[in-house]
Amino acid sequence: MQQYDLIIIGGGITGCAVARELSRYRLRVAVLEAMPEIGAGTTKANGGLVHSGYDPKPGTLKALLNLKGCLMYPMLSRDLGFRFHKTGSMVIGFNEDDLAYLEKLYRQGLENGVPNLELIRGKRIFELEPQTSPDAKYALYSPHTGMVDPFEVAIAFSENAAANGVEFHLSSPVSAIREEDNGFVVTIPEGELHATYLVDAAGVHADDVARLAGADEFNIIARHGDLLVLDKHCGVQNLMTLYPIPSKETKGVVVMNSVSGNTLVGSSAEIKEKDDNASYQEGIQQLIAGAVKLAPNLNPRKIIRTFAGCRAVVENNHNDFYIRPSKKVPNLFYVAGIQSPGVASSPAIAAYVAQMLRGYGVPLEEKEHYVAERKAPVDFSELSPTEKDRLIQKNPAYGKLVCSCECVTEGEIVDAIHRVPGARTIDGIKRRTRAGMGRCQGGFCQHKVLFILARELHCRPEDILMEGKGSQIVFSKLKEGR
Amino acid sequence: MSTKEMICTVCPNSCHLTVEIKDDGTAGTVKGNRCNRGSAFARQEILCPQRVLTSTVIAHTGKGDRLLPVRSADAFALNLHAKAMELLRHTGVSAPVKMGDVVIPNILDSGTDIVASCNVD
Amino acid sequence: MKQLSFDVVVIGGGPAGMAAALSAQEQGAKVAIVERNAQLGGILLQCIHSGFGLKYFKQELTGPEYAQRFIDRLAKTDVQVFLSSAVLNLTPDKKVTLSNENGVFVLDAKAVVLAMGCRERTRGEIKIPGDRCAGVLTAGLAQHYINIDNECPGHRFVILGSGDIGLIMARRLSLEGMKVAGVYEIMPYPNGLYRNIKNCLEDFGIPLHLSTTVTRVIGKRRVTAVEVSRVDEKLHPIPGTEKVIPCDTLLLSVGLIPENELCLKAGVKINPRTNGALVDNDLQTNVPGIFSCGNVLHVHDLADNVTAESERAGASAARFAREGKLPAEWTPITVKCEMPMGYTVPTCIRTRKRAPIFFRVRRPLENYRIKVQSGDDVLLLCKPRDYKPSIMENITLPESILKKAGNEITLTMEPA
């Protein structure tokens, strides 16, 4: 039986952030992820907004960790080589009622300690973002709001954690947990693993994991949200993040510019079943209407993809994060209910969890040779022609373009597969390299990616999945001529 | 005597044809065709529909197997196509192949050959 | 990084690019073709069905046969072909940057022909709600899996869209032993050629459901069913008409869009009606010396028309390379069109010689005629007949009419 000091269940952005934080210390740590890829749950279905922290209710864990996390991002992005764009944001008000709300939000922001918040009106709004609706009158401007690619961040955390010795078990749903020998025995398909401590970061399934461990302490409900991705040319470009005044029905439709240059619109909020990643017509319509209200030049015909996901909300927890040791089972810790602003908070959550573990008595001794930095993979499209040429001379695989829409080469795809933890699926490749994420949505390159995966992983094309178990793309050979 | 409506598929003009069906089941006069090929098509269609069949077969090349697109040189009885497909599924050829090379001569005694649609080195 | 010079650089080695290159080469130009795949032929290579060449070769050929004829002709010329090469950039001064396994190359061209073809509309663009599982793919991707990769992409299919690609795929799937539950078309009329409805659906007993669309995808990991609904005249789904059709694959054949990213980089202006470049009757874009032809200009229904158009573009490009400009007489004539005519190519006529104008209608028209006007003067009224949106039409305006036109002509369709 493999022995660990600590097992993290859940390889989303939260679990990976915690893994990376704990990899500083002399602990044997493993991350168990049910899906074949890192960040394949709530993390992937997220807009990537790094909120600045005026929104959470003062005094909550959310308020504390959001602000702290947001301010950690600029440095973290340099250390871990992921893209962070400090875009700034405005909450847009159209009338006097809205102004009253903005004033309240402004005071709340001050109370939370958010720096550099400004209440602005008139011309200043359009100086900051000329593409804002001309009807806008007032705005709460927050310069620290940023954008990341949430799975890029999760992957960066995971790779840095792996470089520091954390072991990742992918395609490893936990089927049983029992207490034994002063710790836990966790059953996954490849066998049993033993750990002294368990961290439950299983997203919408954190309550199910807790129950497996014999602790029925909380319930999670899934708050579903639709998101829209638009073409890079969609009428608006490089938009500063624009928030509306939330109405009673929705938390508000936000328009933002992804770090890759696509305009994103998100997100609706409806309670649905866990794992419901379906897009809903009503949600999509709501998003289009909301987006056009904030940025009227946005052309809804340029939508290239709709997607959706579920935020994990712990019931009767006042919409706050649920980060604490179990009251029922010793050595079990919850990092649950990480709803919005989970991405923004994740680095701070990780630090908070380390502090909690230390407080509990988990021995955290710093490693001698901790690697704090991670080198980002090559982004061929961002290189100058001379750099491209040099790279191809070194490795001709970078001269084979696989995805024309996003300019992704075979070299980048092969690298994504062989990194640790590496990509295993079509969607994993897509999220790491952007191959298939452009206008044609894989129409021209999915088959190429499929065959590269099969070749590099030494398996048959029918073994390659889109993402989860049972999501195979092709089934068998058609012709058997001899 | 009855009539049958059909659309000519000889060319993209897609003429709307009205065909008289004689008591013996054969075609009588054909109306609506813009060229002679239309009436010939209608007669054949009543007698026994004929189509060009296109598919692929395995081609063994120096760099491994690939698919070679093939076609029937001419149209042949539609009701033989399923059987022909079964034959093609298990047919393999060795490269090099040139466009027009016969892959299966006189397939199912239909009088037409299955030929290669392109070159494979 | 290597630099090379050419008279004409053709981007794209499909039917458009090959025809343009051959035609430019025949005019004496030093020509290069840049093709992203390992072979010339473009999408023709996966269109293994017959139906090509009836106009151009007066003979019914398959896609690969049609391509092979041009590949063979090119092999006999000194046209330089860059295979497996991706164009990374195109500048307004006609420098084409490409990369392949040998490195990055800059081709300095006197004239450039854009012939990149088109792409398929996707699920995202038509916003089909529902689960995001495997098993939703465009018809062209399925065609690649089946005809090129020898892979079976599903067992039981629902096809959305009755365009020719969807119909052709229905037949391919049936022949290869897969089941097609039905073809669904949101419009009240089929979008493909009648011959394809007969040969691809009727021959195989595949039902075609008009005024019906897919309203939901169902399946956690792989599609297990789709929900279809009837639509009203405004194409909105009618509540209560939902039906669940079990299948493991949804094939989308819901339209093609010119692939024009490079145009934007070079400053080429796009016609929002076609998503292709705005061109004059020499197929020249607003950037002097950059030409466009084939499906990147406007989506064609016949490869033969692509070839004919691209030969004109290639000849124009060669002439531009030779003379540094193209002849323009008097003032150019702006070509406008009004509904139900959807668009025209070209949108500008620079020489008052015989000029073919290509167009499509937006809805089926029975017994309509083309009217050409300049101001209030009616210059031409054609013989009435039926028109379909699925068929690209053309009208050639003779010199005599162009001479009478002012600075602008308007084409419309009117009932006879």
Side-chain angles (χ1 to χ4, degrees), chain A residues 226 228-229 233 275-284 301-308 380-381 385-386 388-390 392-393 396-401 404-405 407 409 426 438-444 446-447 450-451 461-462 465-479, chain C residues 1-2 36 84-89 97 99-106 116 119-135 137-138 140-141 144-155 176-178 215-222 237 248 252 257 259 261 264:
Chain A
D226 286 294
L228 309 177
V229 185
H233 306 279
D275 297 324
D276 183 349
N277 290 335
S279 304
Y280 288 85
Q281 190 60 39
E282 311 79 57
I284 294 170
R301 290 180 59 195
K302 296 287 184 174
I303 292 170
I304 57 175
R305 187 170 174 85
T306 61
F307 66 95
F380 185 79
S381 69
T386 321
K388 284 184 172 123
D389 189 58
R390 219 174 285 147
I392 296 169
Q393 302 307 335
Y398 287 94
K400 287 193 203 167
L401 199 75
S404 316
C405 300
C407 191
T409 61
I426 299 279
R439 293 176 307 283
C440 89
Q441 290 286 298
F444 284 126
Q446 189 197 72
H447 58 95
L450 181 92
F451 291 113
E462 54 266 42
L465 302 176
M466 180 135 115
E467 177 124 65
K469 202 177 164 191
S471 66
Q472 70 190 109
I473 307 281
V474 297
F475 294 94
S476 56
K477 292 269 177 272
L478 285 166
K479 295 292 158 79
Chain C
M1 241 173 31
K2 288 196 200 81
R36 65 179 172 189
S84 305
S85 298
V87 173
L88 303 173
N89 199 17
T97 309
S99 71
N100 59 31
E101 285 186 275
N102 297 316
V104 176
F105 297 79
V106 178
M116 294 88 76
R119 66 173 174 86
E120 298 176 278
R121 286 179 81 201
T122 63
R123 175 180 176 183
E125 278 164 285
I126 56 170
K127 302 186 270 287
I128 307 175
D131 291 318
R132 295 175 300 130
C133 41
L137 68 172
T138 57
L141 177 59
H144 198 282
Y145 277 130
I146 293 166
N147 292 347
I148 307 281
D149 299 324
N150 195 21
E151 295 290 344
C152 165
H155 301 109
E176 293 295 348
M178 291 160 256
T215 41
R216 193 157 59 99
V217 175
I218 302 164
K220 273 291 164 232
R221 301 284 186 226
R222 174 91 196 185
D248 66 3
L252 302 177
I257 300 174
E259 182 67 2
E261 269 307 279
L264 300 172

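Given the structure is predicted, the values throughout are model-derived calculations rather than measurements. A, B, ... follow the sequence lines: proteins, then strands. Residue 1 opens every chain.
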Chain C: which of A/Ile426, A/Ile392, A/Leu478 shares the most heavy-atom pairs with it under 4.5 Å?
A/Leu478

Given the options A/Leu401, A/Asn277, A/Thr409, which has more heavy-atom pairs under 4.5 Å with chain C than any of the others?
A/Asn277

Per-residue tally against chain A (heavy atom, under 4.5 Å) across C/Val87, C/Ile218, C/Leu88, C/Thr138 peaks at C/Leu88

Answer with side chain, backbone, both or neither: which region of C/Asn102 has an atom nearer than 4.5 Å to a non-hydrogen atom of chain A?
backbone

Heavy atoms of C/Pro129 and A/Ser279 approach each other most closely as CB-O, 3.2 Å

If only side-chain N and O atoms count, and only distance matters, is there a donor-acceptor pair under 3.5 Å linking C/Asn89 with C/Thr97?
no

For the pair C/Asp248 (side chain) and C/Gly154 (backbone), establish whether a donor and an acceptor sit closer than 3.5 Å, ignoring hydrogens and angles.
no

Report yes or no: is the cationic atom of A/Lys388 (NZ for Lys, CZ for Arg) closer than 6.0 Å to the six-membered ring centre of A/Phe380, at no more than 45° off its axis?
yes

Note: vs chain C, highest number of non-hydrogen pairs under 4.5 angstrom among A/His233, A/Glu467, A/Arg301, A/Arg305 is A/His233

Quick one: does A/Asp226's side chain have a donor or acceptor within less than 3.5 Å of a partner on A/Ala308's backbone?
no

If one checks every heavy atom of C/Ile146 against chain A at 4.5 Å, the contacting part turns out to be both

C/Cys133: side-chain contact (heavy atoms from CB on, under 4.5 Å) partners, not counting sequence neighbours
C/Asp131, C/Val217, C/Val223

Does any backbone or side-chain atom of A/Gln472 lie under 4.5 Å from a heavy atom of chain C? Answer side chain, backbone, both or neither.
backbone

Counting heavy-atom pairs closer than 4.5 Å to chain A, which one of C/Met1, C/Glu120, C/Glu125, C/Arg132 comes out on top?
C/Arg132

Could you check if a side-chain atom of C/Leu137 sits within less than 4.5 angstrom of a side-chain atom of C/Leu252, using non-hydrogen atoms only?
no

Measure distances from A/Arg439 to the heavy atoms of chain C and classify the residue's part below 4.5 Å as side chain, backbone, both or neither.
both

Tell me, for A/Cys407 versus chain C, whether the close heavy atoms (under 4.5 Å) come from the side chain, the backbone, both or neither.
side chain

Report yes or no: do C/Glu101 and A/Tyr398 form a side-chain donor-acceptor pair below 3.5 Å?
no

Are a donor atom and an acceptor atom from the side chains of C/Arg36 and C/Ser84 found within less than 3.5 Å of each other?
no

From the list C/Glu261, C/Met178, C/Glu176, the residue making the most non-hydrogen contacts under 4.5 Å with chain A is C/Glu261

Is C/Lys220 in contact with chain A via its backbone, its side chain, both, or neither, using a 4.5 Å heavy-atom distance?
side chain

Check A/Lys477 against A/Pro461 and note the closest heavy-atom contact, atom names and distance.
NZ-CG, 4.1 Å

Given a strict heavy-atom distance threshold of 4.5 Å, which part of A/Tyr280 is in contact with chain C: side chain, backbone, both, or neither?
backbone

Chain C contact via A/Ile284 - side chain, backbone, both or neither, heavy atoms under 4.5 Å
side chain

Contacting region of A/Phe451 [heavy-atom separation from chain C under 4.5 Å]:
side chain

What part of A/Gln393 lies closer than 4.5 angstrom to a heavy atom of chain C: side chain, backbone, both or neither?
side chain

Could you tell me which of A/Arg390, A/Met466, A/Lys479, A/Glu462 has the largest number of non-hydrogen atom pairs under 4.5 Å with chain C?
A/Lys479

Any chance the side chains of C/Thr122 and A/Gln441 put a donor and an acceptor closer than 3.5 Å?
no

If I measure from the heavy atoms of chain C, does A/Leu228 come under 4.5 Å with its side chain, its backbone, both, or neither?
neither

Measuring heavy-atom distances to chain A, does C/Arg123 have an atom under 4.5 Å in its side chain, in its backbone, in both, or in neither?
neither

Heavy-atom distance under 4.5 Å between the side chains of C/Ile257 and C/Arg121, does that happen here?
yes

